[in-house]
Participant: 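First, the structure itself, so that you have it in front of you.
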Amino acid sequence: MASKVLKKPRSFYDIYERNPSPDKKMPHYCPGCGHGNVHKFIAEALDDFDVADRTVFVSPVGCSVFAYYYFDTGNTQAAHGRAPAVATGTKRALPHSIVISYQGDGDLAAIGTAEILHAANRGESMTVFFINNAIYGMTGGQMAPTTLIDQRTTTTPTGRSAHNEGFPIKVAELISQLEAPVYVERVALFDNKQRARARMAVRKAIKNQVDNLGFSLVEILSPCPSGWKMDPVDSMKWIRDVMMNQFPLGVYKDITKEVEPYIHEPYHPTAEEIKKLIEIIPESDKHFARSDVPERYKDPQIKVAGFGGQGVLLLGAALAQAGMLQDYHVSWLPSYGPEMRGGTANCHVNIREIEVGSPMVSNPTVLIALNRPSLEKFEPDVVPGGLIIYDKSLIDIDVKRTDVEVLAIPATKMADELGNTRTANMITMAAYAAYTGQFDKETLYETLKSAIKRQRLIEINRKAVDAGYEFGLKNRKK
Ligand SMILES: Cc1ncc(C[n+]2csc(CCOP(=O)(O)OP(=O)(O)O)c2C)c(N)n1
Ligand code: SF4
């Protein structure tokens, strides 16, 4: 006897390991939410076309920010509204992948309006699922560009007024006016018939990409019982009786039978073209080599870490400033703990002879640790052969790694001897500069002029630079 096995699509993980829920089996969405339906339609289509292994799912900011808990595909989570831009980069780099941009109405139609319009207008070969639930769900039900006239939200408590907030934006209509998109449809999730239609639309939009036809967008009118303060059944009725009047369902554009498949292969310049490109780079931007810095200390990627109040961020900013004075390419990226004083703080600093690709320093070549938790936390991340500098007056443990260089400096003690504990950061900075040969003392003095805002503190910090510099020189490896 034939039997049908009902089971989760293969494109979902069996267990949602990343989901903090106790059983790891339930999604995080509220009961009656439409996101779950759409996820299921997508996962089924990926199964049926057997493309999960080459799919990259770009999650937005919004309730579906955690879509990567569920899809056993490549996953990226984009900044608010930027999913189509991230999807563009992914698809251009991996033209044979299937890229899905999944977005709410706050994400796509408010903060991300520019991204979606231009991705659609360029006809990027991607599939966009636009979940229209007429509000911002995740943040508690504020007005979205799709909120209906007279609809009450937390930011339109007396109802949306066209005079005050404008009219609802009709995304399917808008996108379908552009020349490039090949398929635009609006569907809804309020009864089985409509869900079956939505499922077909999701399938078609993915198949279009499998066939390399171009840009597809499916807008889905989707219930948000929590945000609408309705039960799931009334939410379905509201879509059918109210929302659909503003947002009529149907296919707004379908030119899939008329277009030729197109794959946007990445452009690989020839050796001759690269030579010409290098010729037009200004002399000042070309790689320059400083012979006085030993090879192993060149292009440092530095992490400075300690307690808030120790001048961690200032130390990093001063290093970047010194780098700028020496015409290096630099970046400084602060990372604050929740508290100002007593909390943790760290910053990422690049001082490079070539342009800085990313300001993030995940695996530092130099770690400057000003307190014990920072040493314990970041020591494992330092690259083999890297350098760890730590304040040994405050840190009562040794570096465990044997594959890195270590400079232990009693910076706080030295600062106390100078008469100002807070100069420990500048002592450490100068020790780093002298130890590695990265900066001369004059550059550090110059840096102090902009790094130290209070004129009266410049002198004591110059002394700190002198003391740290001397320490660094004395302990320098031959
Ligand atoms: C740059 C930025 N601005 C604002 C926010 C706050 N924020 C988080 S989710 C969200 C709205 C999400 O609404 P929507 O896109 O409609 O998705 P839903 O939650 O309804 O699925 C906002 C404004 C943020 N995280 N980042
Ligand atoms: S707030 Fe709305 S959109 Fe978000 S999970 Fe709950 S029902 Fe879904």
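Atoms within each ligand, like the ligands themselves, are counted from 1 in listed order. FYI, side chains are in, hydrogens and waters are out, and symmetry mates aren't considered; it's all heavy atoms of this structure. Residue indices begin at 1 and follow the sequence shown. Fair warning: this is a prediction, and the values are worked out from it, not measured in the lab.
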Participant: Counting both backbone and side chain atoms, is some N or O of D107 under 3.5 Å from an N or O of ligand 1?
Facilitator: yes
Participant: Quick check: does S64 get an N/O under 3.5 Å from an N/O on ligand 1?
Facilitator: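 No: no nitrogen or oxygen of S64 is under 3.5 Å from one in ligand 1.
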Participant: To the nearest 0.5 Å, what is the distance between CG on N212 and CD1 on I263?
Facilitator: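 These two atoms lie 4.0 Å from each other.
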Participant: Can you confirm whether E258 is buried at CD, in the sense that more than 12 heavy atoms of other residues, nucleotides or ligands lie under 6.0 Å from that atom?
Facilitator: yes
Participant: May I ask you to identify the nearest protein heavy atom to atom 13 (O) of ligand 1, giving residue, atom name and distance to one decimal place in Å?
Facilitator: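 Looking at atom 13 (O) of ligand 1, the protein heavy atom closest to it is Y136 CA, 3.5 Å.
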Participant: Around atom 7 (N) of ligand 1, find the nearest protein heavy atom and jot down its residue, atom name and distance.
Facilitator: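 Of the protein heavy atoms, T139 CG2, 3.6 Å lies nearest.
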Participant: Find all atoms of ligand 1 within a distance of less than 4.0 Å from any non-hydrogen atom belonging to M138, and give their numbers and elements.
Facilitator: 9 (S), 19 (O)
Participant: Would you mind listing which atoms of ligand 1 come within a distance below 4.0 Å of any non-hydrogen atom of I111?
Facilitator: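 This gives 1 (C) as the contact atoms.
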Participant: Using only heavy-atom distances, determine whether the side chains of N208 and S216 contain a donor-acceptor pair under 3.5 Å.
Facilitator: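 On atom types as modelled, these side chains qualify, holding a pair under 3.5 Å.
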Participant: For atom 12 (C) of ligand 1, what is the closest protein heavy atom, and at what distance to 0.1 Å?
Facilitator: G62 CA, 3.7 Å
Participant: Is it true that the side chains of R122 and T88 contain a donor and an acceptor less than 3.5 Å apart?
Facilitator: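 Checked: R122/T88 side chains pair up, N/O donor to acceptor below 3.5 Å.
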Participant: Taking atom NZ as the centre, does K24 end up with more than 12 heavy-atom neighbours from other residues, nucleotides or ligands that are less than 6.0 angstrom away?
Facilitator: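 Atom NZ in K24 is packed in, count exceeds 12.
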Participant: I'd like to know if the side chain of D47 pairs up with that of S11 as donor and acceptor (distance under 3.5 Å, no hydrogens or angles considered).
Facilitator: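 A donor-acceptor contact under 3.5 Å links the two side chains.
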Participant: To which protein heavy atom is atom 20 (O) of ligand 1 closest, and what is the distance rounded to 0.1 Å?
Facilitator: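 In this structure, atom 20 (O) of ligand 1 has G137 N, 2.7 Å as its nearest protein heavy atom.
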Participant: When you measure from atom 5 (C) of ligand 1 to every protein heavy atom, which one gives the shortest distance, and what is it?
Facilitator: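 Of every protein heavy atom, H80 CD2, 3.6 Å lies nearest to atom 5 (C) of ligand 1.
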Participant: Taking a cutoff of less than 4.0 Å between a non-hydrogen atom of the residue and any ligand atom, is Q142 in contact with ligand 1?
Facilitator: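 Flag not set, Q142 not near ligand 1.
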Participant: Hey, is L108 touching ligand 1 through its side chain, its backbone, both or neither, going by heavy atoms under 4.0 Å?
Facilitator: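 It is neither part, as no heavy atom is under 4.0 Å.
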Participant: Could you grab the protein N, O or S atoms closer than 2.8 Å to atom 6 (Fe) of ligand 2 for me?
Facilitator: C30 SG
Participant: Any chance CZ of R197 has more than 12 other-residue heavy atoms, nucleotides or ligands included, within less than 6.0 Å?
Facilitator: no
Participant: Nearest protein heavy atom to atom 16 (O) of ligand 1, by residue and atom, and its distance?
Facilitator: D105 OD1, 2.5 Å
Participant: Looking at atom 3 (S) of ligand 2, what's its closest protein heavy atom, distance included?
Facilitator: N133 ND2, 3.5 Å
Participant: Go through ligand 1 atom by atom and flag the ones less than 4.0 Å from a non-hydrogen atom of I135.
Facilitator: 16 (O), 20 (O)
Participant: Could you check atom 14 (P) of ligand 1 against the protein and tell me its nearest heavy-atom contact, residue, atom and distance included?
Facilitator: G106 N, 3.4 Å
Participant: Using a strict 4.0 Å cut-off to heavy atoms of C63, name the atoms of ligand 1 that fall inside it.
Facilitator: 18 (P), 19 (O), 21 (O)
Participant: Would you say the ring centers of Y262 and H264 fall short of 6.0 Å from each other?
Facilitator: yes
Participant: Within a reach of under 6.0 Å around CG of D14, are more than 12 heavy atoms found that belong to other residues, nucleotides or ligands?
Facilitator: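 Counting neighbours around CG of D14, 12 or fewer heavy atoms of other residues, nucleotides or ligands fall under 6.0 Å, so no.
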Participant: Without hydrogens or angle criteria, can the side chains of Y183 and E185 be said to hold a donor-acceptor pair below 3.5 Å?
Facilitator: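 Yes.
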Participant: Name the closest protein heavy atom to atom 25 (N) of ligand 1, giving the residue it belongs to and the distance to 0.1 Å.
Facilitator: V61 CG1, 3.4 Å
Participant: Tell me yes or no: between the side chains of Q321 and T447, is some donor less than 3.5 Å from an acceptor?
Facilitator: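 No, T447 and Q321 have no side-chain donor paired with an acceptor closer than 3.5 Å.
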Participant: Near E260 CD, under 6.0 Å, is it more than 12 heavy atoms from other residues, nucleotides or ligands?
Facilitator: no
Participant: Looking at K40, I want to see if its NZ is surrounded by more than 12 non-hydrogen atoms of other residues, nucleotides or ligands under 6.0 Å.
Facilitator: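 Counting other residues, nucleotides and ligands, NZ of K40 stays at 12 neighbours or fewer.
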Participant: Is it the case that H28 and Y16 place a side-chain donor and acceptor less than 3.5 Å from each other?
Facilitator: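 No, no side-chain donor-acceptor pair sits under 3.5 Å.
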